**Q** 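I am attaching a structure below and will ask some questions about it afterwards.
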Amino acid sequence: MAATKIIDAPRNGHEMAPLNTRARGDGTHGVTIVLTAPQRNSVQSVDIPGGEPERAAWSGKMQFFLSIIGYSVGLGNIWRFPYLCQQNGGGAFLIPFMIMLILEGIPLFLIELGIGQRMRLGALGVWNTIHPWLGGIGISSCIVTLFVALYYNVIITWVFYYLFNSFRYPLPWSTCPTNSSGFELEECAKSSETTYFWYRTTLDAAPSMDEPGGLKWWIVLCLMLSWTVVFFIVMKGIQSSGKVVYFTSLFPYIVLTIFFIRGITLRGAGAGLMHMYTPKVEKLLEPTVWLDAATQVFYSFGLAFGSLIAFGSYNTPKNNCVRDVLLVSVCNAITAIYASVVIFAILGFKATVNVDRCVAGNIEKLVKHSLLPFKNATTEEYESVMQTINSTEHTALKLGECSLSNELDNAAEGTGLAFIVFTQAIVELPGAPFWAVLFFTMLLSLGLGSQIGILEGMLCTLFDIDIIKRVKKQHVTGVVCLFCFTVGFIFCTGAGEYWLKMFDSFAGTIGLVVVALMEMIAVIFIYGHERFTEDIYQMTGYRPGLYWQMTWRYIGPVIMVCILASSVVFMVIRNPTYGAWNAERGVVEQKDYPNWVMGIALSMILAGVLPMPIVFLMRSFQCLKVDLDIHQGSIRRNETTASTKEMIDNDDDDDEDDENDFSGPALGGHVKTQSDYSDDDDEEDKPMTMRMMMMRPSATTTTKMANNHLNVPTSKKQNKNFKMDAYDV
């Protein structure tokens with residue numbers, strides 16, 4: 001009998017006799033089985049020389065929490081949520097927002113974070129493990145994430161450009177440039193200082209997408225800088241990005257607090273807050289308000305990107321993911337509301353300044369036409385004169401409409417809020433460059449935090465592919481960043497902003513919603529809500545109750561279907577348009593997308609959706625070979641010999657595999673329930689399978705092990721505390 005060979009592994013193992021006695025010619029045998037006793041309530045990973053390295057893990061709980069916060073709390077909390085509040089009923093909008101947060105956001109958040117922690121795999125590996133036919137979900141998620149990463153980093157590019165210009169005094173967007181005659185440029189005079197700086201100085205905007213113009217070298221340089229920064233942050237995975245999140249996650253809160261203290265002391269701040277949060281309950285009867293709330297919740301959490309699955313996979317198996325989901329959800333909602341207070345306090349100040357400037361201009365005109373005796377007239381005198389002027393005289397005198405509510409209603413969203421409206425408010429503050437540097441550094445932190453999460457989800461998915469696993473992560477990350485930088489040249493032309501809005505409208509909408517819906521169906525109805533519930537209980541000690549079951553099985557999918565259906569309907573009945581800059585009039589005009597651009601948009605939608613049915617059909621009809629790596633479970637087999645391969649393969653098809661699987665829930669093993677243990681007494685009457693023979697050493701084998709000082713338990717009760725791995729030696 002050949003001597004037993006002990007494997008030099010990090011864990012203390014006990015080697016059994018080989019399954020076969022036929023040597024491969026080099027003195028070794030085909031399969032060696034190692035029985036290991038895992039620690040109670042913990043799962044260890046084995047680092048076999050030449051095998052897969054251990055999966056990366058967070059260095060601490062704080063690093064994980066800050067990474068999730070940095071990813072979830074992004075630019076949308078600053079420039080999207082305040083606008084939605086203003087347009088959809090003010091404070092009343094918080095009602096549908098909170099309802100959708102509870103019914104849609106939190107349940108789907110736990111599904112992604114929990115399944116990632118349970119499987120300890122990226123998006124591609126998770127769905128392949130649940131069922132090979134679902135592998136397309138991970139591919140679709142990766143493609144959509146790539147599209148979003150392309151244009152999201154362009155926003156960081158623009159932030160860099162504004163940040164560099166914030167160190168100039170006076171700020172370059174505080175005044176209009178002049179021509180050789182000393183007069184303001186007509187384009188700037190017809191619009192405003194901040195609008196001109198955005199469309200002409202920064203973007204050098206083209207008149208349409210059909211006339212993009214050439215590359216803008218200053219944008220190309222800033223884009224290269226932004227991708228270089230992102231590369232160095234994510235090149236080593238969470239080992240490098242985990243250190244940056246301490247800044248990207250905490251710094252925005254410091255800046256928001258500074259702006260909050262300064263904002264509430266400004267004149268007109270109260271008017272801005274009252275205008276925003278005054279509830280208009282009648283708005284709740286409009287379906288679009290609820291749709292906006294559901295959409296905002298969906299995108300603010302960053303669902304369906306695969307990033308939450310990746311973040312969860314780096315957790316320890318016993319991490320309380322339910323508590324993490326609740327904490328992040330509350331933090332996300334509070335941050336959005338807090339940012340809205342800061343934004344509208346400062347916008348209220350800007351609106352008040354604009355009204356005062358308008359009133360001063362009207363008084364000057366009234367004095368010129370002898371309707372007021374002097375320029376230092378009081379507010380009461382001015383208002384009394386304005387009441388006596390009819391609409392005809394008002395037009396003839398070219399008097400302005402000095403209304404605070406109208407000024408506040410003109411608040412914008414997205415890039416318009418960040419680069420036009422808010423920059424105008426900053427100009428009015430004493431020490432404007434200081435506030436500009438703070439504001440754009442905050443936007444940079446928020447953008448980088450989200451971009452780190454987006455890329456981490458995509459790279460984690462790529463590293464689930466065996467071929468890419470063999471390449472260093474730095475090299476793969478470098479290739480991805482270089483590819484994205486090259487494609488990003490389309491955003492560096494005069495039509496760059498138009499392309500960004502097209503990507504934002506088509507690339508990351510329908511595809512993400514479809515992926516999220518399929519994720520919920522895959523986990524709850526294919527993997528099984530009972531099994532997933534048991535997984536959560538085994539990992540956290542908390543068993544999800546009625547609220548989770550109802551939202552997972554019924555309410556959540558219905559909301560996702562409504563979002564998907566409404567997105568498709570609105571895209572069809574509303575002719576898609578984009579805002580193009582008209583330099584002659586100094587305004588933004590809505591134009592229809594060219595047909596060739598709509599063709600590209602449709603291609604992006606299909607690229608994000610089609611991998612799911614394609615993989616499903618190819619694998620269901622066996623057009624695509626299913627070659628799943630058994631990276632989880634109680635047995636790992638490598639290069640079994642002919643004498644054992646057939647027996648092991650047949651045993652894999654046996655329905656009793658789960659009864660002898662000793663791996664914990666975090667390693668993909670069967671979760672033992674009380675009914676499982678109640679059937680143990682009948683096990684003696686069951687036919688002996690190959691795996692049961694391996695699990696139950698014979699008396700001869702036990703004697704030989706005892707002689708080799710290998711204390712392998714022989715009773716079935718003791719065997720349940722052991723798990724078995726087979727390694728090729």
Side-chain angles (χ1 to χ4, degrees), residues 67-68 70-72 74-76 108-109 111-113 115-116 121-128 134-156 226-227 230-231 233-235 237-238 241 298-314 447-465 468 473 476-488 491 500 502-519 522 601 603-612 615:
S67 296
I68 290 286
Y71 169 68
S72 300
L75 295 172
L108 190 53
F109 196 176
I111 285 179
E112 291 204 9
L113 204 62
I115 201 69
L121 290 168
L124 185 61
V126 162
W127 308 120
N128 271 326
L134 301 176
I137 299 178
I139 299 174
S140 292
S141 175
C142 185
I143 292 174
V144 175
T145 303
L146 173 64
F147 290 149
V148 175
L150 282 172
Y151 76 82
Y152 203 89
N153 218 36
V154 178
I155 301 175
I156 299 176
S226 61
W227 276 115
V230 169
F231 166 73
I233 291 176
V234 301
M235 66 176 183
I238 61 173
S241 64
F298 178 81
Y299 290 113
S300 66
F301 276 109
L303 301 171
F305 284 99
S307 302
L308 295 176
I309 296 177
F311 286 157
S313 70
Y314 301 138
L448 286 176
S450 297
Q451 183 74 348
I452 290 170
I454 291 172
L455 275 184
E456 189 60 46
M458 182 173 64
L459 292 172
C460 185
T461 302
L462 292 177
F463 277 97
D464 283 339
I465 303 173
I468 299 180
K473 185 157 190 175
V476 176
T477 306
V479 170
V480 170
C481 291
L482 181 61
F483 171 78
C484 292
F485 168 67
T486 305
V487 177
F491 303 107
L500 185 139
M502 190 275 284
F503 268 70
D504 189 43
S505 300
F506 296 100
T509 51
I510 293 179
L512 283 178
V513 177
V514 172
V515 169
L517 179 61
M518 292 304 301
E519 286 180 353
S603 301
M604 289 193 299
I605 294 175
L606 294 178
V609 175
L610 285 182
M612 289 179 280
V615 172

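The residues of the chain are indexed from 1 along the displayed sequence. Because the structure is predicted, anything quoted here is derived from the model rather than measured.
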**Q** Please confirm whether the backbone N or O of Phe305 pairs with a side-chain atom of Ser141, one donor and one acceptor, at under 3.5 Å?
**A**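 Yes, Ser141 side chain to Phe305 backbone: donor-acceptor pair under 3.5 Å.
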
**Q** Can you list the residues that meet the side chain to side chain contact (heavy atoms under 4.5 Å, CB included) rule with Leu500, with sequence neighbours excluded?
**A**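 Only Tyr151, Val154, Ile155, Trp158, Phe491 meet the side chain to side chain contact (heavy atoms under 4.5 Å, CB included) criterion with Leu500.
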
**Q** I would like to know whether Trp127 and Ile309 meet side-chain contact (heavy atoms from CB on, under 4.5 Å); could you show each step before the answer?
**A** CA-CA 11 Å; Trp127 308 120; Ile309 296 177; 3.8 Å; yes

**Q** Assess whether side-chain contact (heavy atoms from CB on, under 4.5 Å) is satisfied between Ile454 and Val148, documenting all intermediate values.
**A** CA-CA 8 Å; Ile454 291 172; Val148 175; 4.0 Å; yes

**Q** Is a side-chain donor or acceptor of Thr461 paired with a backbone partner of Cys142 at a separation under 3.5 angstrom?
**A**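 Between the backbone of Cys142 and the side chain of Thr461 there is no qualifying donor-acceptor contact (under 3.5 Å).
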
**Q** Identify, with sequence neighbours excluded, every residue that meets salt bridge (charged side-chain N to carboxylate O under 4.0 Å, His left out) alongside Glu456.
**A**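 Glu456 satisfies salt bridge (charged side-chain N to carboxylate O under 4.0 Å, His left out) with Lys473 only.
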
**Q** If you round to the nearest 0.5 Å, how far is OG of Ser226 from CG of Asn153?
**A**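 That separation rounds to 4.0 Å.
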
**Q** Quick one: CE on Met604 to CG on Leu150, what's the gap to the nearest 0.5 Å?
**A**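 Spacing of CE (Met604) from CG (Leu150) equals 9.5 Å.
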
**Q** Under 3.5 Å, side chain of Tyr71 to main-chain N/O of Gly302, donor-acceptor pair present?
**A**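 Yes, because the side chain of Tyr71 sits within donor-acceptor range (under 3.5 Å) of the backbone of Gly302.
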
**Q** Can Phe483 and Leu146 be said to form a side-chain contact (heavy atoms from CB on, under 4.5 Å), step by step?
**A** CA-CA 10 Å; Phe483 171 78; Leu146 173 64; 4.1 Å; yes

**Q** Using the ring-ring contact (aromatic ring centres under 6.0 Å, His included) criterion, which residues pair with Phe298? Sequence neighbours excluded.
**A**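 For Phe298 there are no ring-ring contact (aromatic ring centres under 6.0 Å, His included) partners, ignoring immediate neighbours.
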
**Q** Does Val513 form a side-chain contact (heavy atoms from CB on, under 4.5 Å) with Thr509? I'd like the steps, not just the answer.
**A** CA-CA 6 Å; Val513 177; Thr509 51; 5.9 Å; no

**Q** What I'd like to find out is whether the side chain of Ser241 reaches to under 4.5 Å of the side chain of Ile233, using heavy atoms alone.
**A**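 Yes, side chains in contact.
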
